[in-house]
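The model shown is predicted, which means the values in this text are computed figures rather than measured ones. Naming: A, B, ... by sequence-line order, numbering from 1 per chain.
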Amino acid sequence: VVTYNTLIAGLCKVGRLDQARQVLESMGEAGCDANIVTFNTLINGLSNANRLEEAVLVMHGMMKRKGCSADAVTYNVVINGFCKSGDVERAYKLLEEMKAAGVSPDTFSYTIMINGLCKSLNFDKADELLHEMISTNCVPNVVTYNTLITGYCKAQNLDRACQLLDVMLKGGCAPDVVTYSAVIDGFCKSGDVQEGFRLFEKMTFRGCRPDVVTYTVLITGLCKAGQLDEACKFLEKMIDAGCMPNPGTYSLVVDGLCKVEKLDIAYELMTVIQEKGCITD
RNA sequence: UACUUAUGAGUAAU
């Protein structure tokens, strides 16, 4: 079964969904019964391809089989599909349906739903779910908090984002590089690059290593603020810190320089970057 | 300790 599941997952990943489905259907004749993971894998593939009604049909088909019932992953996958497609209401209904069917939502379920609600700017409901999960002894993890924090940052509610960061610190849930990058991005997008750098200092002080995204966020902020010299310096600092920029990172700086007609500096930067062993595209 | 689900940035020229 595991071999089959791996094959189906591979087919789904490259978009050969119909073939994945055929493989699943042929398993019975081959004397190998599909299990819950097999179905979840296919349902996830359909869901990612936005073939949601089909995903639901496969889910229901599976539930009619003997010895097969939907588990938390099954629901999570479909709920996530509806959230990503923008149909948050349908997703929410499925979460209710899940509870009614006696399948307890897990940390993934709540995080997925909270993400959907944040993306549709329904923060009241998102907070409500956070409390609901805590009251049902389902522990929010770093991803759950990151999801909410990102949502609030995008909505430029930085006070609430920082408040949640505090909850994490005090509640023993260590913020990670995603948490910090999200909040730093929030500060930069609000025009306060300074505050972004202050948090950058704090994160390194607390032992959290910035990655390529963290640096890119700050460099983007500097470029948007017209501080191109600083952006260049910071780009070099990043490389010296052992963090390799990807093509997106430095093309952003090069683009910024070109827009203010500092073409010579842009060219110089390219040279420096290449000398440092970065691959330019 | 095999297989499936959730979170952050950038993405130009034509």
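In this structure, A:Leu199 places its CG atom 15 Å from P of B:rA9, rounding to the nearest Å. Rounded to whole angstrom, the span from the CG atom of A:Leu95 across to the C1' atom of B:rA6 amounts to 13 Å. In this entry the distance linking CD1 of A:Ile149 with P of B:rA9 reads 14 Å, nearest Å. Here B:rA6 presents its P atom at 21 Å from OH of A:Tyr92, a figure rounded to the nearest Å. Taking atom CZ of residue A:Phe108 and atom P of nucleotide B:rA6, one finds them 7 Å apart after rounding to whole Å. Counting to the nearest Å, the C1' atom of B:rG8 and the CG atom of A:Leu158 are 14 Å from each other. The OH-C1' distance, from A:Tyr180 to B:rU7, rounds to 16 Å in whole Å.
Residues passing the side-chain hydrogen bond (donor to acceptor under 3.5 Å, both in side chains) test with A:Thr111 are A:Thr144, sequence neighbours excluded. The side-chain hydrogen bond (donor to acceptor under 3.5 Å, both in side chains) test applied to A:Asn146 returns A:Asp176, A:Thr179, not counting sequence neighbours.
In this structure, A:Gln194 places its CD atom where only 12 or fewer heavy-atom neighbours from other residues, nucleotides or ligands lie under 6.0 Å away. Within 6.0 Å of CZ in A:Arg206 there are more than 12 heavy atoms belonging to other residues, nucleotides or ligands.
For the ring-ring contact (aromatic ring centres under 6.0 Å, His included) condition, no pair includes a residue of residues 243-281 of chain A, sequence neighbours left out. For residues 16-28 of chain A, the pairs satisfying side chain to side chain donor-acceptor pair (under 3.5 Å) are A:Arg16-A:Gln19, A:Asp18-A:Arg51, A:Arg21-A:Glu54, with sequence neighbours left out. Sorted by first then second residue, the side chain to side chain donor-acceptor pair (under 3.5 Å) pairs that include residues 163-175 of chain A, not counting sequence neighbours, are A:Asp166-A:Lys170.
At a cut-off of 3.5 angstrom, counting only N and O atoms as typed in the model, there is a donor on one side and an acceptor on the other between the side-chain of A:Asp211 and the base of B:rG8.
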Side chains of residues 87-100 of chain A: which donor-acceptor partners sit under 3.5 Å, not counting sequence neighbours?
residue : atom : partner  : partner atom : Å
A:Asp87 : OD1  : A:Arg90  : N            : 3.2
A:Arg90 : NH1  : A:Glu53  : OE2          : 3.1
A:Lys99 : NZ   : A:Glu132 : OE2          : 2.8

Identify each donor-acceptor pair in which a side-chain atom of residues 228-246 of chain A lies under 3.5 Å from a protein atom, sequence neighbours left out, and give them as a table.
residue  : atom : partner  : partner atom : Å
A:Asp240 : OD1  : A:Lys276 : NZ           : 3.0
A:Asn246 : OD1  : A:Gly248 : N            : 3.2
A:Asn246 : OD1  : A:Thr249 : N            : 3.1
A:Asn246 : OD1  : A:Thr249 : OG1          : 2.8

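Counting non-hydrogen atoms under 4.0 angstrom, A:Val177 reaches a base of the nucleic acid.
Interatomic distance, CD1 of A:Ile134 versus CG of A:Leu129, reported as 11.0 Å (0.5 Å rounding). Rounding to the nearest 0.5 Å places CG of A:Leu199 at 9.0 Å from CG of A:Leu218.
The closest side-chain donor-acceptor pair between A:Asn76 and A:Asn40, if any, does not fall under 3.5 angstrom.
Using a distance-only test at 3.5 Å, with no hydrogens or angles considered, a donor-acceptor pair links the side chain of A:Asp211 to the main chain of A:Thr214. Formation of a donor-acceptor pair under 3.5 Å by the A:Ser47 side chain with backbone atoms of A:Val77 is found in this model.
Listed in residue order, the members of residues 133-143 of chain A having a heavy atom less than 4.0 Å from RNA chain B are A:Asn141, A:Val143. The stretch residues 109-116 of chain A comes close to RNA chain B through A:Thr111, A:Ile112, A:Asn115, each having a heavy atom under 4.0 Å from the strand.
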Polar-atom pairs under 3.5 Å, protein N or O versus N or O of nucleotides 1-4 of chain B: list them with distances, or write none.
residue : atom : partner : partner atom : Å
B:rC3   : O2   : A:Asn5  : ND2          : 2.1
B:rU4   : O4'  : A:Thr41 : OG1          : 3.1
B:rU4   : O2   : A:Asn40 : ND2          : 3.1

Dump the pairs, protein N or O against N or O of nucleotides 10-14 of chain B, anything under 3.5 Å, distances to one decimal.
residue : atom : partner  : partner atom : Å
B:rG10  : OP1  : A:Lys189 : NZ           : 3.2
B:rG10  : O2'  : A:Gly248 : O            : 3.2

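Stem list for RNA chain B (at least 3 consecutive Watson-Crick or G-U pairs, distances under 3.5 Å) is empty.
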